[in-house]
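First the structure, in the form of structure tokens, and then the observations on it.
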Protein chains: 2
Amino acid sequence: MLDVAERAGVSKASVSRFIGDDRALLSDATALRIEQAIDQLGYRPNQMARGLKRGRTRLIGMLVADIRNPYSIAVMHGVETACRKHGYSLVVCNTDRDDEQERQHLAALRAYNIEGLIVNTLGHHLDQLLELQQEMPMVLVDRKVDALHSDLVGLDNRVAVSMALDHLEQKGYRDLLLISEAADGTSSRLERMDSFKAQIERRKALRGAVLEIGPDLHARVQAFLDADTAGPKALFCANGIATLACTAVLRELGCALFEDIGLIALDDLDWYPLVGSGITALAQPTDAIGASAFDCLLQRLRGDSEPARTLDFLPQLIVRGSTQSLHK
Amino acid sequence: MLDVAERAGVSKASVSRFIGDDRALLSDATALRIEQAIDQLGYRPNQMARGLKRGRTRLIGMLVADIRNPYSIAVMHGVETACRKHGYSLVVCNTDRDDEQERQHLAALRAYNIEGLIVNTLGHHLDQLLELQQEMPMVLVDRKVDALHSDLVGLDNRVAVSMALDHLEQKGYRDLLLISEAADGTSSRLERMDSFKAQIERRKALRGAVLEIGPDLHARVQAFLDADTAGPKALFCANGIATLACTAVLRELGCALFEDIGLIALDDLDWYPLVGSGITALAQPTDAIGASAFDCLLQRLRGDSEPARTLDFLPQLIVRGSTQSLHK
DNA sequence: CTGTTAGCGCATTCAA
DNA sequence: TTGAATGCGCTAACAG
């Protein structure tokens with residue numbers, strides 16, 4: 001910086017003003033000289049030092065529960081795009097579903113003076129999160145954390161379940177099994193399970209049960225298939241992991257995919273068209289969700305202090321073969 | 001920090017020593033008092049300030065060409081795990097295969113004073129990369145950049161191709177088609193294509209051609225299937241994207257997966273067992289590759305200045321139905 | 001073993 | 001409109 005100042009024949013302060021948004025305070029002549037000096041020297045301001053001084057690091061943190069879940073990646077991609085567009089950089093921390101790692105990462109993010117935090121984990125370590133919430137805006141993605149009164153952006157799970165049931169019912173399926181990952185407190189999983197149960201209650205044409213993935217998945221699905229019931233059967237997989245596990249089990253059980261049984265999945269993965277006759281899916285608008293999460297943060301950073309908002313997005317139904325077998 | 005020092009009745013310097021690795025220089029008594037003060041005040045050292053002073057930010061950067069490629073994610077996971085183990089944090093930058101974004105990200109990474117860089121892109125913007133290479137250690141993953149004389153960690157593509165051809169030949173396939181993404185300069189793609197051509201030359205039992213993915217993929221694959229040849233046909237997909245595209249095309253063409261044609265894939269994705277009779281794959285040890293990339297960086301950071309190394313890992317063959325149809 | 005001093009690179013008063 | 005001085009939170013000499 002000193003080099004630039006000397007070469008431009010000005011003081012460090014002027015260079016600083018040029019770098020920042022105070023360019024209005026500079027005469028055109030000096031601004032030009034500074035610009036040239038910067039170009040010639042290839043000078044880049046040190047963000048660490050800027051952050052240290054101003055408290056603005058232009059860094060956003062994102063805490064992700066499982067980076068190998070395609071949903072997380074997709075959302076992260078949306079967030080990252082939005083960040084770059086506004087001059088922010090994103091620090092992603094993957095907890096691998098491990099509480100201790102969540103703790104470590106939270107500490108690290110604070111140490112690096114991030115300006116805002118996007119959270120997509122279970123939010124154990126409430127104490128740390130609450131402290132962080134005092135210091136910076138925070139937005140929850142997909143998973144609500146009750147004690148955290150932050151903005152929340154995710155899927156309208158009630159509507160999603162409703163769309164799935166409408167579709168299955170219309171296609172002639174009558175006996176349903178919702179497959180979810182273990183209800184470990186993840187709000188979106190709970191909402192999907194609860195909505196499912198509630199709506200099954202109200203829809204007289206349908207029967208339904210809920211099953212969590214576990215070592216007995218194979219046996220339980222087999223039992224479902226063997227059970228004698230009045231109507232055609234279908235699985236409703238609550239996310240990508242569940243879909244992968246169920247499809248594997250169905251293959252092991254020797255099912256013809258998908259003539260013996262219907263299947264609808266929440267989230268749409270790129271390989272769904274390739275399995276059996278293709279897997280019908282409810283796609284989440286992950287890019288929009290990610291971008292929206294960043295926007296929330298940005299508004300808060302700009303001083304918005306409205307009460308916490310909840311942004312619920314709607315899924316899009318993509319019909320493939322796995323819900324068409326009864327119409328052949 | 002001053003608060004901590006006062007509460008412990010010592011100077012900031014002692015607190016600093018406690019924070020750093022100089023704990024040996026402190027008496028047990030003061031160390032204890034400092035520790036207590038830190039606990040009571042919930043003090044966290046500011047990494048920005050530490051970085052500013054020491055030049056050690058404990059930050060590693062990673063430039064990824066395509067975050068939606070499962071291979072990249074898997075390697076990134078390995079890197080991140082290794083980072084955390086050694087107290088480093090990882091800043092991931094996704095270029096989305098876009099050169100302009102590569103430029104921006106490179107500038108940002110430098111501004112944040114990262115200590116080392118892991119590169120998994122095409123490495124256009126050589127000038128920037130060369131400058132960065134002067135300032136910090138760098139390691140290339142999967143893709144070589146000729147002008148960059150850095151450590152390189154990736155797959156032994158020659159051996160991988162050889163393993164694939166051995167397997168296909170042994171299973172009775174004779175007419176092969178290698179499908180790759182466009183040869184845009186990505187070294188691993190080129191190596192796979194070149195090895196394939198070279199080895200096909202030498203293996204008299206086999207015939208083979210190379211095809212790059214493009215709008216005409218459908219037609220070209222159809223032509224391959226229709227062509228009259230002496231022996232059973234198989235596709236060799238050079239990565240996950242190619243596998244996805246090819247499988248989709250085969251379905252459109254009405255092939256029975258995989259009785260009409262064999263298939264072997266480089267990289268192993270979680271859905272491969274579910275498609276048709278299952279896709280035979282050569283799995284890359286992505287965790288090891290990621291961890292190894294970080295280790296290279298760490299050694300360089302610790303002063304190792306040996307000439308650049310190349311670490312070639314070996315894939316693991318996972319046999320599924322897509323190469324078994326001839327043995328039914 | 002511990003405290004004092006002097007910056008790291010920059011943004012912001014306050015004068016000029 | 002610009003420059004000089006001060007300090008962000010911390011580490012590294014150097015004394016003691």
Original post:
Between B:S14 and C:dG3, does any side-chain N or O lie under 4.0 Å from OP1 or OP2?
Top reply: yes
**OP:** Return no unless some side-chain N or O of B:S11 is found under 4.0 Å from OP1 or OP2 of C:dT4.
**Re:** no
Rounded to whole Å, please give me the gap between [atom1] in [X] and [atom2] in [N].
| X | N | atom1 | atom2 | answer |
| --- | --- | --- | --- | --- |
| B:M48 | D:dT11 | CE | C1' | 17 Å |
| B:N113 | D:dC10 | CG | C1' | 15 Å |
| B:Y112 | C:dC8 | OH | P | 22 Å |
| A:D22 | D:dG3 | CG | P | 15 Å |
| A:I38 | C:dG9 | CD1 | C1' | 14 Å |
| A:R56 | C:dG9 | CZ | C1' | 18 Å |
| B:L26 | C:dC1 | CG | P | 9 Å |
| A:I34 | C:dC10 | CD1 | P | 13 Å |

Original post:
Going by heavy atoms in the side chains, are A:T186 and A:L122 under 4.5 Å from each other?
Top reply: yes
Subject >> Note, A:T310 side chain near A:D151 side chain (heavy atom, < 4.5 Å) >> reply: no
**OP:** Give, for atom CD of B:E135 and atom CG of B:L130, the distance between the pair rounded to the nearest 0.5 Å.
**Re:** 11.5 Å
Original post:
Roughly how far, to the nearest 0.5 Å, is OG1 of B:T121 from CE of B:M62?
Top reply: 10.0 Å
Subject >> Shortest non-hydrogen contact between A:D142 and A:S188, atoms and distance >> reply: OD2-OG, 3.0 Å
**OP:** Looking at every strand, decide which applies to B:S27 at a 4.0 Å heavy-atom threshold: base, sugar-phosphate, or nothing.
**Re:** sugar-phosphate
**OP:** Would you indicate what B:V10 reaches in the nucleic acid, counting non-hydrogen atoms under 4.0 angstrom: base, sugar-phosphate, or nothing?
**Re:** sugar-phosphate
**OP:** Please list all pairs passing the side-chain hydrogen bond (donor to acceptor under 3.5 Å, both in side chains) test where one or both residues lie in residues 34-47 of chain A, with sequence neighbours left out.
**Re:** A:R7-A:Q40
Original post:
What pairs with A:H124 under side chain to side chain donor-acceptor pair (under 3.5 Å), at least two apart in sequence or on another chain?
Top reply: A:D99
Original post:
Taking only residues two or more places apart in sequence, or in another chain, which ones meet A:E191 in a side chain to side chain donor-acceptor pair (under 3.5 Å)?
Top reply: A:N157
Any protein N or O atoms within reach of nucleotides 5-9 of chain D? Criterion: under 3.5 Å, listing atom names and distances.
{"from": "D:dG7", "atom 1": "N2", "to": "A:K53", "atom 2": "NZ", "distance (Å)": "2.9"}
{"from": "D:dG7", "atom 1": "N3", "to": "A:K53", "atom 2": "NZ", "distance (Å)": "3.2"}

Original post:
Nearest nucleotide by nearest heavy atom, which residue falls closer to the 5' end of DNA chain D, B:Q47 or B:R17?
Top reply: B:Q47
Subject >> Axis deviation across the helix from C:dC1-D:dG16 to C:dA16-D:dT1, five-pair ends, to the nearest 10° >> reply: 40°
Original post:
Can you list the residues that meet the side-chain contact (heavy atoms from CB on, under 4.5 Å) rule with A:S89, with sequence neighbours excluded?
Top reply: A:L59, B:A108, B:Y112
